[in-house]
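Predicted model, so just to flag it, every value in this text is computed and none were measured. All values below come from the heavy atoms of this structure, side chains included, with hydrogens, waters and symmetry mates left out.
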Amino acid sequence: MKDDSYIPQAQLSRLEHLVAPGKVVVVYGPRRVGKTTLIRRYARQHDPDALVVTGEDISVREYLESESLPKLRAFVGRRRTLIVDEAQYVRRIGLNLKLLADHVDGLRVIATGSSSFELAQQTGEPLTGRRYVLLLLPLAQLELREVEPVHETRANLETRMIYGAYPEVVLMDSNEDRALYLKELVASYLFKDILQLEGIRHADKLLRLLQLLAFQIGREVSVTELGTQLGMSRNTVDRYLDLLEKTWVIYSRRSFSRNLRKEITKSRRYYFHDNGIRNALINNFNPVSLRDDVGALWENYILVERLKCNLYSGRLVESSFWRTHDRQEIDLVEEWGGRLYGTEVKWSPRAAPRVPGGWRRAYPGSAFRVVHRENYIDFIASPAPWPEAVEG
């Protein structure tokens, strides 16, 4: 990897395209993934005189919660760019940013937040027609390939599977330092936004829920069973799962079905946005050679990297999984342009690309491939939507 500690962020070019007078760009994402780095990089390159503030500052909140146009004008002064980091801490931020966007000529506004449910509620309706949204996740291989030769990518694969891709983790040289950082991240930041919400009191239940999900990667999750194991109602488990998705800890995929008799419908699988967070939650940073969950680690890694690749490449893809009652399955089904693309994820390069018979019969003309540790790089880091597909 190059000596420069800054790894070019794919969303920077998108941010540059969206920022405009009278508009507000909202950057969402987990804590510590580089949102502040992104906005400061933008300011350095496009407006070094930008007003950059944080919603954690009480004096900033005094102005940005005021709903007073004279007070807001005085706050931004002659600046042409306002950047509000951690905007979820500012009450009525959406209404106040609307006032600025509508009444301060030429003002460009960027806001960031790690709490999508809080910030979305505050910016959604007031900023209708004025808001653009960007999602920033831990570093993608699509970004790393800009500074990392292919041989280094292959050499770093097992490290990425175990410690993930948070920017600071990627730049660390020691696995011991990586493990300590991830444990601190889980202890100090993972539940911070959720626990600030009224009525969320059981951090221990949230932790246990995530630990249970960590051992069910690649399998359908029963919310009723989770509730039984946790001593919680199904509705409470559903609520916690929703909050964990909205704070970018996990994400889910639904089962794909065209209502064929043998297809499983209305089920979900859950994955983590970062392998390192998953392993910190279960306190397991053992090397791949000493693990019995390599398949789950590999599937989580490939699917989240594919998600980031699609997101940062601007591909609007519907993603799901496919499974039948007679246990035929495909790990990832993507649909775009009126065509289906199936991907099976296997750690072993010896896995043969066998198209499930039920899939071939039900969806003729669809594409299919097996992704393994010798052919994975283009699949997760190429701008091309479907490299080396095998026809079904």
Side-chain angles (χ1 to χ4, degrees), residues 140-142 150 153-154 157 160-161 216-222 251-272 275 288 292-311 313-392:
Q141 189 58 48
L142 179 73
V150 172
T153 296
R154 294 190 181 280
L157 173 58
R160 303 263 160 81
M161 287 173 60
Q216 297 186 50
I217 290 171
R219 305 203 304 265
E220 287 91 315
V221 168
S222 166
Y251 69 97
S252 64
R253 282 204 167 98
R254 295 181 181 273
S255 55
F256 175 85
S257 174
R258 293 283 167 82
N259 295 317
L260 302 181
R261 183 171 59 85
K262 291 186 177 181
E263 290 176 336
I264 291 175
T265 61
K266 297 182 180 179
S267 59
R268 285 178 179 265
R269 292 180 180 180
Y270 285 87
Y271 298 90
F272 287 79
N275 272 32
V288 167
D292 59 4
D293 60 351
V294 176
L297 282 178
W298 179 238
E299 183 172 339
N300 197 96
Y301 173 76
I302 290 296
L303 295 191
V304 76
E305 286 297 329
R306 181 65 174 177
L307 181 155
K308 289 185 280 191
C309 185
N310 285 335
L311 175 69
S313 299
R315 290 196 288 268
L316 301 177
V317 179
E318 291 292 329
S319 299
S320 53
F321 68 92
W322 178 80
R323 187 167 181 264
T324 64
H325 290 287
D326 56 0
R327 298 186 182 279
Q328 297 184 69
E329 66 176 81
I330 295 177
D331 294 323
L332 174 64
V333 174
E334 296 175 307
E335 183 174 11
W336 79 89
R339 195 179 185 202
L340 297 175
Y341 301 79
T343 302
E344 189 67 11
V345 179
K346 299 292 186 184
W347 175 243
S348 172
R350 294 189 297 273
R354 297 174 182 170
V355 185
W359 175 263
R360 185 177 58 248
R361 290 188 296 272
Y363 306 108
S366 60
F368 178 84
R369 67 170 291 163
V370 174
V371 170
H372 51 71
R373 67 179 184 268
E374 289 186 359
N375 71 355
Y376 74 98
I377 294 178
D378 281 345
F379 185 71
I380 65 172
S382 172
W386 189 256
E388 301 176 18
V390 176
E391 296 300 311

(request) Check whether any side-chain heavy atom of W322 lies under 4.5 Å from a side-chain heavy atom of L340, and answer yes or no. (result) no
(message) Donor-acceptor pair, distance only, cut-off 3.5 Å: does the side chain of Q216 make one with the backbone of Y270?
(response) no
(request) Drop me the distance from R354's CZ to Q328's CD, to the nearest 0.5 angstrom. (result) 13.0 Å
(message) Which residue in the set R327, R268, R269 passes salt bridge (Lys or Arg N to Asp or Glu O under 4.0 Å) when paired with E220?
(response) R269
(message) Working to the nearest 0.5 angstrom, can you tell me the gap between Y376 OH and R154 CZ?
(response) 6.0 Å
(message) Please verify the inter-ring angle class for Y301 with W298; under 30° counts as parallel, over 60° as perpendicular, anything in between as tilted.
(response) parallel
(request) To the nearest 0.5 Å, tell me how far R350 CZ sits from E374 CD. (result) 9.5 Å
(request) Would you indicate whether the side-chain heavy atoms of T153 and Q141 approach each other to under 4.5 Å? (result) yes
(request) Please name all residues satisfying side-chain hydrogen bond (donor to acceptor under 3.5 Å, both in side chains) with T343, sequence neighbours left out, ordered by chain then number. (result) none
(message) In the structure I gave you, are the side-chain heavy atoms of S348 and H372 within less than 4.5 Å of one another anywhere?
(response) no
(message) Please give me the minimum heavy-atom distance between V150 and I377, naming the atom from each residue.
(response) CG1-CD1, 3.9 Å
(request) State the CG-CZ distance between L297 and R160, to the nearest 0.5 angstrom. (result) 15.0 Å
(request) Determine whether Y251 and L303 make a side-chain contact, defined as any pair of heavy atoms from C-beta on separated by less than 4.5 Å. (result) yes
(message) As an exercise, state the distance from CD of E334 to OG of S320, rounded to the nearest 0.5 Å.
(response) 9.0 Å
(request) Go through the steps to decide whether F368 and Y363 satisfy the test side-chain contact (heavy atoms from CB on, under 4.5 Å), and finish with yes or no. (result) CA-CA 11 Å; F368 178 84; Y363 306 108; over 6 Å; no
(request) Answer whether the closest heavy-atom distance between the side chains of W359 and V333 falls below 4.5 Å. (result) yes
(message) So F321 and E329, do their side chains get closer than 4.5 Å, heavy atoms only?
(response) no
(message) Just to verify, what does Y271 make a side-chain hydrogen bond (donor to acceptor under 3.5 Å, both in side chains) with, not counting sequence neighbours?
(response) E299
(message) How long is the straight-line distance from OG of S366 back to CD of E335, given to the nearest 0.5 Å?
(response) 11.0 Å
(request) List for me each residue that meets side chain to side chain contact (heavy atoms under 4.5 Å, CB included) alongside R315, sequence neighbours excluded, and say none if there are none. (result) R306, C309, N310, S313, V317, P385
(message) Between L332 and R253, is the side-chain contact (heavy atoms from CB on, under 4.5 Å) condition met? List the steps.
(response) CA-CA 9 Å; L332 174 64; R253 282 204 167 98; 3.8 Å; yes
(message) Would you call the rings of Y341 and W336 parallel, tilted or perpendicular, taking 30° and 60° as the class edges?
(response) parallel
(message) Using modelled atom types and a 3.5 Å cut-off, is there a donor and acceptor pairing between side-chain atoms of E344 and backbone atoms of D331?
(response) yes
(message) Please determine whether the number of non-hydrogen atoms from other residues, nucleotides or ligands lying under 6.0 Å from atom CD of E318 exceeds 12.
(response) no
